[in-house]
Amino acid sequence: MNNLKKYQSVFMDIFDVPAEVLNDDFAFVNTENWDSITHMGLIADLETAFDVMFDTEEILNFGSYENGKRILKSKGVDFDV
């Protein structure tokens, strides 16, 4: 599974949304299911899936799908494969 598919899969599992929603840059605040536990669950699942650790600033700024991909790219996770 390439990194983009893995990333989409984590989002779909956490938010229980169809794949086509993930083509948009949706923010946590625009998601009915958002709360701090959901946010931290997503962070933990992404850290596990990609074997990375986010720092506090990255966790607080992890507010949207596109921004999440940008943060993971900064850690060497390539989505262009």
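Throughout, numbering of the chain's residues begins at 1 and tracks the sequence.
- Within 6.0 Å of the CG atom in D51, the count of heavy atoms belonging to other residues, nucleotides or ligands does not exceed 12.
- Looking only at side-chain heavy atoms (C-beta outward), I71 and F62 come within less than 4.5 Å of each other.
- Figure legend: K69 and Y7 shown without cation-pi pairing, the cationic atom not lying both under 6.0 angstrom from the six-membered ring centre and within 45 degrees of its axis.
- Here the CZ-CG distance, from F54 to L72, works out to 4.0 Å after rounding to the nearest 0.5 Å.
- Within the 4.5 Å cutoff, the side chain of N61 has heavy atoms near those of the N67 side chain.
- Inter-residue side-chain proximity for K75 and M53 is flagged as unmet; no heavy-atom pair is nearer than 4.5 Å.
- In this structure, the side chains of F79 and N2 stay at 4.5 Å or more apart for every pair of heavy atoms.
- Annotation: the span from D45 atom CG to K6 atom NZ amounts to 12.5 Å, rounded to 0.5 Å.
- Between the N3 side chain and the D78 main chain, a donor and an acceptor come within less than 3.5 Å of each other.
- With values rounded to the nearest 0.5 angstrom, T38 atom OG1 is found 11.5 Å from I43 atom CD1.
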Inset, instruction - Show the numbers, then the answer: is there a side-chain contact (heavy atoms from CB on, under 4.5 Å) between L42 and V10? - result: CA-CA 7 Å; L42 175 67; V10 171; 3.6 Å; yes
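- Not a single donor-acceptor pair under 3.5 Å links the side chain of S9 to the backbone N or O of K5.
- Contact of the T56 side chain with the L60 side chain is registered, since non-hydrogen atoms from C-beta on lie closer than 4.5 Å.
- Here the side chain of H39 pairs a donor or acceptor atom with the backbone of I59 at under 3.5 angstrom.
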